[in-house]
There are 2 protein chains.
Amino acid sequence: MGRRSDHSRKELEALILVEGHRHMAEVGFARFSAREVAKRVGYVVGTLYNVFGSYDRLIAAINTQTFDLWTEWLEERLASDPPDRIAALVAGYFSFAQAHANLWMAIYDHRMVEDMPIPDEMAERRGMLTEVVVREVAAVLPQEAQPLAPRLARSLVATVHGHCTFALNGSFALLGETDPLAMATARVKESLAAAGARF
Amino acid sequence: MGRRSDHSRKELEALILVEGHRHMAEVGFARFSAREVAKRVGYVVGTLYNVFGSYDRLIAAINTQTFDLWTEWLEERLASDPPDRIAALVAGYFSFAQAHANLWMAIYDHRMVEDMPIPDEMAERRGMLTEVVVREVAAVLPQEAQPLAPRLARSLVATVHGHCTFALNGSFALLGETDPLAMATARVKESLAAAGARF
DNA sequence: GCATAAATTGAGCACTGTTCAATAAAAGAA
DNA sequence: TTCTTTTATTGAACAGTGCTCAATTTATGC
């Protein structure tokens, strides 16, 4: 039913985002339904299109929120001052993905169309995760290797991402690997050591 | 129209697979349609279900065929006796994914349901790709490190996979990385060197 | 209080995967 | 050969999907 006075545009946007995020966590990307989200917030699917413009932008907004949570998750673990910050970072990457498998996978299930790339504001928020890694990588690299930090950090994120993907989608299990986290951590440390890192 | 005499069961299965593979290459996982494949082979969608049992098994069959092609692709590049076989392997992984982006991504877009895992025959064919990598990794490792080869190889596949994913989905471009292949190759070599490899 | 602007709806379109009775075709038995 | 049984194939139906848009309802500015 029409409830225009119930929520301002911003409130409605937030409402849809919260419920959409919940729905994504419950059923995953493949079974996600804009109609179902609309039903849950008490509006009709056309309203979602009115607010978000397209299905893609709704999904993008949900996934960007997942990035926010993920960055926060990492920062929390680092804030507890773990003895091995690099290991904590890798473990944090894994544990978030495992704890929120549907949300995490949705990030990579969704592909933005070529002609309509992700909005700047969202791209920036997503980039914060990498920023955290760059900072921690820089912290263990020697002075002369500091300029390498950004590229190396991105590459190490990719390394961990690959291991995390195989852990969650069953590829590792199928091949008999039982400790993907240990493997990922080992690879990261080898590359950091090669760059002269000390920990 | 009914064309029962036109194709035997095996022929029909092959026909659907070929056309399904072509369709997947053209439109990708998200826009793949069993009905469209049926139309193209001149049968009706029910027949696909009769032959493959379910949508999931059809996709699994298509993706397994992609694995076959991919393994073949790598072996071809190694057969030309490149000076750096490890680099050739990483480059082959990347070039296949880039040359057949829709097919390659479909492998990871598709998630087998928990209660119905991938059939043994398909799992074995998919494993051949890793076998190639295990063989090449073993070839550069010293005698005493040979037992490490299988686990290390799987882990290096994951490393390359992560880089390849970020290269294709635009994550690297968004973060300013312009040479994902070089990054992946560097990471692989660092880990092999750490295990005592010589090349 | 009224005209204008904006948000919300509901119905419709063209699809999708999936199921299943009815039908057509092939194989086997007499 | 003819008749029966088994098997393959169809077509229609079901419950969904994303997406669009005229019509309606609601809020705002004059």
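Letters A, B, ... are given to chains in the order of the sequence lines, protein chains preceding strands, and every chain is numbered from 1. If you're wondering where the values come from, they're calculated on a predicted model, not measured in any experiment.
- A side-chain N or O of B/Thr66 and one of B/His21 form a donor-acceptor pair less than 3.5 Å apart.
- Below the 3.5 angstrom threshold, one finds a donor paired with an acceptor across the side chain of B/Arg35 and the base of C/dT18.
- Atoms OH (A/Tyr49) and P (C/dA11) sit 19 Å apart, rounded to a whole Å.
- Atom OH in B/Tyr43 sits roughly 9 Å away from atom C1' in D/dA8 (whole-Å rounding).
- For B/Arg187 and A/Ser155, the side-chain atoms include at least one donor-acceptor pair closer than 3.5 Å.
- In this structure, A/Asn50 places its CG atom 14 Å from P of D/dC19, rounding to the nearest Å.
- When the side-chain nitrogen and oxygen atoms of A/Ser33 are compared with OP1 and OP2 of D/dT17, one or more of them lie within a distance under 4.0 Å.
- Between A/Phe52 atom CZ and C/dT8 atom P the separation is 13 Å, expressed in whole Å.
- Not one side-chain nitrogen or oxygen of B/Thr47 sits closer than 4.0 Å to the OP1 or OP2 atom of D/dA8.
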Worksheet item: Can you check side chain to side chain contact (heavy atoms under 4.5 Å, CB included) on A/Val132 and A/Leu78, steps first, answer last?
Response: CA-CA 10 Å; A/Val132 173; A/Leu78 290 169; 3.8 Å; yes
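- Along DNA chain D, the nucleotide nearest to A/Phe32 and the one nearest to B/Val51 differ in position, and the one closer to the 5' end is contacted by B/Val51.
- Taking the nucleotide of DNA chain D with the nearest heavy atom to each of B/Arg9 and B/Val45, the more 5' of the two is matched to B/Arg9.
- Here C/dC15 presents its C1' atom at 10 Å from NZ of B/Lys39, a figure rounded to the nearest Å.
- Note: CD1 (A/Ile16) to C1' (C/dT8) measures 12 Å, nearest angstrom.
- Minimum interatomic distance between B/Pro119 and B/Arg57 (heavy atoms only, all atoms of both residues): CG-NH2, 4.2 Å.
- Between the CG atom of A/Leu48 and the C1' atom of C/dA7 there is a distance of 13 Å, rounded to whole Å.
- Taking atom CG on B/Leu15 and atom P on D/dT9, their separation rounds to 11 Å, with Å as the unit.
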